[in-house]
Amino acid sequence: MEHLTVTAAQQCVLASIKSLGKESVRLEHTLGRVLAEDIRANRDQPPYDVSAMDGFALRSADVASAPAMLEIIEDIKAGDMPQKSVQAGQCARIMTGAPVPQGADAVIRVEDTQALSDTRVQINVAVKSRNDIRDRGESMKHGEVVLPAGTEITPGAVGMLAMVKRASAEVYRMPRVAILSTGDELEGLNDPFDANKIPDANSYALMAQVQALGITPDLLGIARDEPAHLKEMLQRGLQYDVLLVSGGTSVGVHDYVRPTLEALGVQMKFWRVEMKPGHPMAFGTTANTFVFGLPGNPVSSMVCFEQFVLPALRRMAGFTRVHRRTVTAKLARDVKHKHSRTEFVRVLLGKEDDVLVATPTGDQGSGILHSMALAEGLLVIPSVSKGIAAGEQVTVQLLDGAEYQNEAGGDF
Ligand code: AMP
Ligand code: MG
């Protein structure tokens, strides 16, 4: 407990968290959610053999020694049903997606033909049986699972849901999240300006981190460093699935968060993690609520959110991929590492000769929120490292926004 690594703490958090229950949501609101049911096809698609081309449906035997002359017996558009059966020496003009008529076993594209009149066409090349015909059920077969439970709903998945006419779907419920800041020195966003106070940045930075996951949290405000007031505020927070409290989790005489949580029945699992920034970092549970005691320093609070809260919230929402994507990059300049804690250095990412390069965003003090505002990633320095030299390979966790770049990435 005294020397808990980041990985061990993460495992401790994830071991106590399962996905929440299911709920039915309308198709318009499914993007970014996780399916809690298998979605099955409600029809064969296409519903019959259809033409893959604009051209002519014919009998392949008739054109085996092309060129050949055929009689056109009807026009079949997408949405039409064929009225006639194609006999020897005959064909039907057919559009992409239209049903292939009885008697025909192949389609030839219009480019390989020459119109002679409205009712006669010359076929210039031979085609094999089934040429340019899409088989009934080729895209999906009635009853087959097209999206399994656990699928993250992307725009493509929304399209699939519409394809099988699902106006609503069962997805995992999103956690309800409360955010509470603590500290007598804090000044709320709408409080009058006082040069001696510290603006409450954490409520809003955490709010935004939660929002980026598609969840709208409730801000409970600022609790004073006074046990009765803190208790009342924490009690409100314990009504939620997840309570994020920042500040007051260290061991100072006015750090009442931990004892107050314990007095409210929260079972604390840990309250310190061997990491920098973010040393005082607590986690506890009740029957219905997960409580994260985040450090007061704004950068520490955000970094701890990334390591512990983000995977927990994603796990609750049903995701199996709960961690930030990591990439390997080349370090732009030396970074020192003299302690035995895992360190998270805020970096910018760029490319040099197709190699990702990570550059630290200036001063890394845990109170310097600017470093986090600029950052595209968190470079992870392992606890055992003795420092990393420029040019060495490092692991970087990507942050929100890192998935976009200036250039299209090539001349495609
Ligand atoms: P604490 O963990 O309460 O000792 O706070 C550590 C540092 O973070 C102190 O300098 C606090 O003023 C600062 N701090 C705590 N909460 C916040 C907050 N909500 N917004 C900005 N800074 C904070
Ligand atoms: Mg404090």
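Nothing here was measured: the structure is a model prediction, and the numbers come from that model. Read the numbers this way: they start at 1 and go in the same order the structure lists the ligands and their atoms. Counting begins at 1 with the first residue of the sequence.
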Q) Going by heavy atoms, is Pro199 under 4.0 Å from ligand 1? A) yes

**Q.** Thr326 side-chain N/O to Val396 backbone N/O, donor-acceptor pair under 3.5 Å
**A.** no

**Q.** Nearest-neighbour protein heavy atom for atom 3 (O) of ligand 1, which is reported as residue plus atom name and distance
**A.** Gly248 N, 2.8 Å

List the atom pairs, donor and acceptor, that lie under 3.5 Å between side-chain atoms in residues 162-176 and the rest of the protein, sequence neighbours left out.
unit_1: Arg166; atom_1: NE; unit_2: Ser168; atom_2: O; d: 3.2
unit_1: Arg166; atom_1: NH2; unit_2: Glu37; atom_2: OE2; d: 2.6
unit_1: Arg166; atom_1: NH2; unit_2: Ser168; atom_2: O; d: 3.2
unit_1: Arg173; atom_1: NH1; unit_2: Asp241; atom_2: OD2; d: 3.0
unit_1: Arg173; atom_1: NH2; unit_2: Asp241; atom_2: OD1; d: 3.3
unit_1: Arg176; atom_1: NH2; unit_2: Gln239; atom_2: O; d: 3.1

Q: Could you tell me the residue and atom name of the protein heavy atom closest to atom 4 (O) of ligand 1, and the distance to it rounded to 0.1 Å?
A: Asp255 OD1, 4.2 Å

Q) Among protein heavy atoms, which lies nearest atom 2 (O) of ligand 1, and at what distance? A) Gly296 N, 3.3 Å

Q | Presence of salt bridge, Glu403 and Arg325, under 4.0 angstrom | A | no

Q) Tell me, which protein residue and heavy-atom name are nearest atom 7 (C) of ligand 1, and how many Å apart are they? A) Asn297 OD1, 3.6 Å

Can I get a per-line list of side-chain donor-acceptor pairs under 3.5 Å for residues 373-395, giving both atom names and the distance, sequence neighbours left out?
unit_1: Glu376; atom_1: OE1; unit_2: Leu349; atom_2: N; d: 2.7
unit_1: Ser385; atom_1: OG; unit_2: Gly387; atom_2: N; d: 3.0
unit_1: Glu392; atom_1: OE2; unit_2: Ala389; atom_2: N; d: 3.0

Q. Can you find a pair of side-chain heavy atoms, one from Val63 and one from Phe56, that are under 4.5 Å apart?
A. no

Q: Report the nearest protein non-hydrogen atom to atom 19 (N) of ligand 1: residue, atom name, distance rounded to 0.1 Å.
A: Asp200 OD1, 2.8 Å

Q | Lys/Arg-Asp/Glu bridge criterion (N-O < 4.0 Å) met for Lys77, Asp54 | A | no

Q. What is the nearest protein non-hydrogen atom to atom 12 (O) of ligand 1, stated with its residue, atom name and distance?
A. Glu185 OE2, 2.6 Å

Q | Aromatic plane relationship, Phe283 with Phe270 - under 30° parallel, 30 to 60° tilted, over 60° perpendicular | A | tilted

Q) Would you say Gly183 touches ligand 1, if touching means a heavy atom closer than 4.0 Å? A) no

Q. Is any side-chain N of the basic residue among Arg33 and Glu23 closer than 4.0 Å to the acidic one's carboxylate O?
A. yes

Q) Can you tell which of Val299, Leu294, Val245, Ile198 gets a heavy atom nearest to atom 22 (N) of ligand 1? A) Ile198

Q) Is it the side chain, the backbone, both or neither of Leu186 that has a heavy atom closer than 4.0 Å to ligand 1? A) side chain

**Q.** Protein heavy atom at shortest distance from atom 20 (N) of ligand 1
**A.** Ala201 N, 3.1 Å

